[in-house]
Amino acid sequence: MDAAPRRPDASRPVTIAYIAESAGVSVPTVSKVINGKSGVSAETRARVEELVNRHGYRKPTGAGRSNVVELVFRELKSMWAVEIIRGVERVAREHRVGVMVSEFGLHDSTPRTWDDTVSRRPNCVLSVAQLSAEEREQLRAKGIPFVVFDPTAELPDDVPFVGATNWSGGRAATRHLTALGHRRIAMIGGPEDVLCCCARLDGHRSALRQAGLPADPGLVVHADLTREDGCAAARRLLARPDRPTAIFAANDLQALGVYQAAREAGLSIPGDLSVVGFDDLPVVAWVDPPLTTVHQPLTEMAVAATELALTLGRGERAPQTGLEIATTLTVRESTAPPRN
């Protein structure tokens with residue numbers, strides 16, 4: 001304890017970073033102790049608590065935070081980002097708060113990037129990305145509430161989130177195809193480590209079981225959620241001697257790739273091949289033929305997530321930590337009964 005660093009200015013409140021440096025631990029570790037979280041040894045906890053008591057450290061409150069919602073994307077290339085921004089802006093206008101959009105890149109953000117967000121002291125953060133444990137602790141340490149939008153991996157029970165009923169959506173898509181009489185139904189799944197994609201695939205398999213159809217592993221191809229990767233996956237499926245009569249894609253961009261692969265193979269949609277997507281982006285109502293897809297209410301999800309984030313930003317207790325909004329099937333002209 002005698003080796004603890006000297007406070008630079010005794011007239012200013014002690015910071016969590018000073019406590020961490022004095023205790024010889026990380027900021028997230030101090031945050032865990034202050035917030036009563038597990039995962040800290042008894043010795044470390046006692047050392048941190050002694051410093052907290054000695055210096056009279058107090059958790060930050062909402063005071064000093066800006067009247068801004070920070071909306072964080074890993075990337076802004078996706079067309080559905082526009083639908084999310086629309087929902088956030090709608091709520092922000094009603095509550096007369098500002099919106100700041102940040103893009104952190106696909107890979108783990110650098111400490112400097114998150115330091116920038118934390119130093120801006122937004123009222124709350126809405127993250128369209130998976131926040132790491134360290135990132136969550138950085139925000140908590142500064143008293144900045146956050147909500148995860150459409151989580152890509154399992155979250156601790158205390159992390160607020162808003163998502164969609166992906167399993168039900170996947171089941172509805174495949175049930176539609178089995179009801180039309182399709183028996184060789186393929187699926188282009190998303191990355192195997194993305195939670196929503198796993199749920200859509202599980203829903204697809206559930207519908208196959210309900211229809212008494214085998215889940216043929218050869219009729220499932222995993223691909224990134226892009227048109228190019230959807231096209232490549234569809235080429236593989238359509239090259240099979242027993243090619244599928246229908247393909248369910250994990251998102252609309254993949255489904256547009258299926259359209260391209262079908263054209264290259266000389267197949268008509270839906271005459272030779274039925275196609276179902278997932279998301280219901282505005283553009284898919286205008287393709288030829290208009291795409292049957294699972295409607296993911298992105299704007300409504302963004303509205304709910306922003307309301308939740310602002311509730312937490314006001315220091316109020318949220319009625320529930322997690323919320324899933326229902327998906328629905330939108331039937332258009334890309335699906336029909338199989339010819340044989």
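Sequence positions, counted from 1, serve as the residue numbers for this chain. Keep in mind it's a predicted model, so treat the numbers as computed, not measured. Just so you know, these numbers use all the heavy atoms, side chains as well, and skip hydrogens, waters and symmetry mates.
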Would you find more than 12 non-hydrogen atoms of other residues, nucleotides or ligands less than 6.0 Å from [X] atom [atom1]?
{"X": "Asp242", "atom1": "CG", "answer": "yes"}
{"X": "Arg236", "atom1": "CZ", "answer": "no"}
{"X": "Gln320", "atom1": "CD", "answer": "yes"}

For [X] and [Y], test the side chains for any donor-to-acceptor distance below 3.5 angstrom and give the result as yes or no.
{"X": "Ser102", "Y": "Glu70", "answer": "yes"}
{"X": "Thr292", "Y": "Thr335", "answer": "yes"}
{"X": "His182", "Y": "Thr245", "answer": "yes"}
{"X": "Thr174", "Y": "His204", "answer": "yes"}

Thinking salt bridges, do [X] and [Y] make one under a 4.0 Å N-O criterion?
{"X": "Glu50", "Y": "Arg47", "answer": "no"}
{"X": "Arg263", "Y": "Asp288", "answer": "no"}
{"X": "Asp158", "Y": "Arg136", "answer": "no"}

Return the set of residues passing side chain to side chain donor-acceptor pair (under 3.5 Å) with [X] (not counting sequence neighbours), or none when no residue passes.
{"X": "Arg183", "result": "none"}
{"X": "Glu89", "result": "none"}
{"X": "Glu264", "result": "Arg235, Gln260"}

Shared ILVMFWY cluster between [X] and [Y], side chains joined below 4.5 angstrom?
{"X": "Val88", "Y": "Leu281", "answer": "yes"}
{"X": "Trp167", "Y": "Val276", "answer": "no"}
{"X": "Val194", "Y": "Met301", "answer": "no"}
{"X": "Val294", "Y": "Leu225", "answer": "no"}
{"X": "Leu256", "Y": "Phe248", "answer": "no"}

Atom [atom1] of [X] and atom [atom2] of [Y]: how far apart are they, to the nearest 0.5 Å?
{"X": "Leu219", "Y": "Ile247", "atom1": "CG", "atom2": "CD1", "result": "9.0 Å"}
{"X": "Thr306", "Y": "Arg90", "atom1": "OG1", "atom2": "CZ", "result": "10.0 Å"}
{"X": "Leu71", "Y": "Ile84", "atom1": "CG", "atom2": "CD1", "result": "7.5 Å"}
{"X": "Glu307", "Y": "Leu323", "atom1": "CD", "atom2": "CG", "result": "11.5 Å"}
{"X": "Arg140", "Y": "Glu135", "atom1": "CZ", "atom2": "CD", "result": "12.0 Å"}
{"X": "Leu308", "Y": "Thr321", "atom1": "CG", "atom2": "OG1", "result": "8.0 Å"}

Legend entry - Qualifying residues under side-chain contact (heavy atoms from CB on, under 4.5 Å), relative to Asp272, sequence neighbours excluded: Arg243, Leu267, Ser268, Arg339
Inset, instruction - Give every residue pair that meets the salt bridge (charged side-chain N to carboxylate O under 4.0 Å, His left out) criterion with at least one member in residues 291-306, sequence neighbours excluded. - result: none
Inset, instruction - Measure the shortest side-chain to side-chain distance between Val128 and Asp150 over non-hydrogen atoms and say whether it is less than 4.5 angstrom. - result: no
Inset, instruction - Determine whether Leu329 and His295 make a side-chain contact, defined as any pair of heavy atoms from C-beta on separated by less than 4.5 Å. - result: no
Restricting to non-hydrogen atoms, name the atom on [X] and the atom on [Y] that form the minimum distance, rounded to 0.1 Å.
{"X": "Leu312", "Y": "Pro160", "answer": "CD1-CG, 3.8 Å"}
{"X": "Pro338", "Y": "Gly181", "answer": "CG-O, 3.6 Å"}
{"X": "Pro191", "Y": "Cys197", "answer": "O-CB, 3.8 Å"}
{"X": "Ile188", "Y": "Ala223", "answer": "CG2-CB, 4.1 Å"}
{"X": "Pro214", "Y": "Leu208", "answer": "O-CD1, 4.2 Å"}
{"X": "Phe278", "Y": "Gly170", "answer": "CE1-N, 3.9 Å"}

Donor-acceptor check, side chain of [X] to backbone of [Y], threshold 3.5 angstrom: yes or no?
{"X": "Thr226", "Y": "Asp229", "answer": "yes"}
{"X": "Asp216", "Y": "Gly218", "answer": "yes"}
{"X": "Asp202", "Y": "Arg200", "answer": "no"}
{"X": "Tyr259", "Y": "Val287", "answer": "no"}

Legend entry - Single hit among Asn251, Asp252, Asp279 for side-chain hydrogen bond (donor to acceptor under 3.5 Å, both in side chains) with Thr293: Asp252
Inset, instruction - Using side-chain contact (heavy atoms from CB on, under 4.5 Å) as the criterion, point out the one residue from Val125, Leu126, Leu131 that pairs with Val72. - result: Val125
Legend entry - Residues in salt bridge (charged side-chain N to carboxylate O under 4.0 Å, His left out) contact with Arg227, at least two apart in sequence or another chain: none
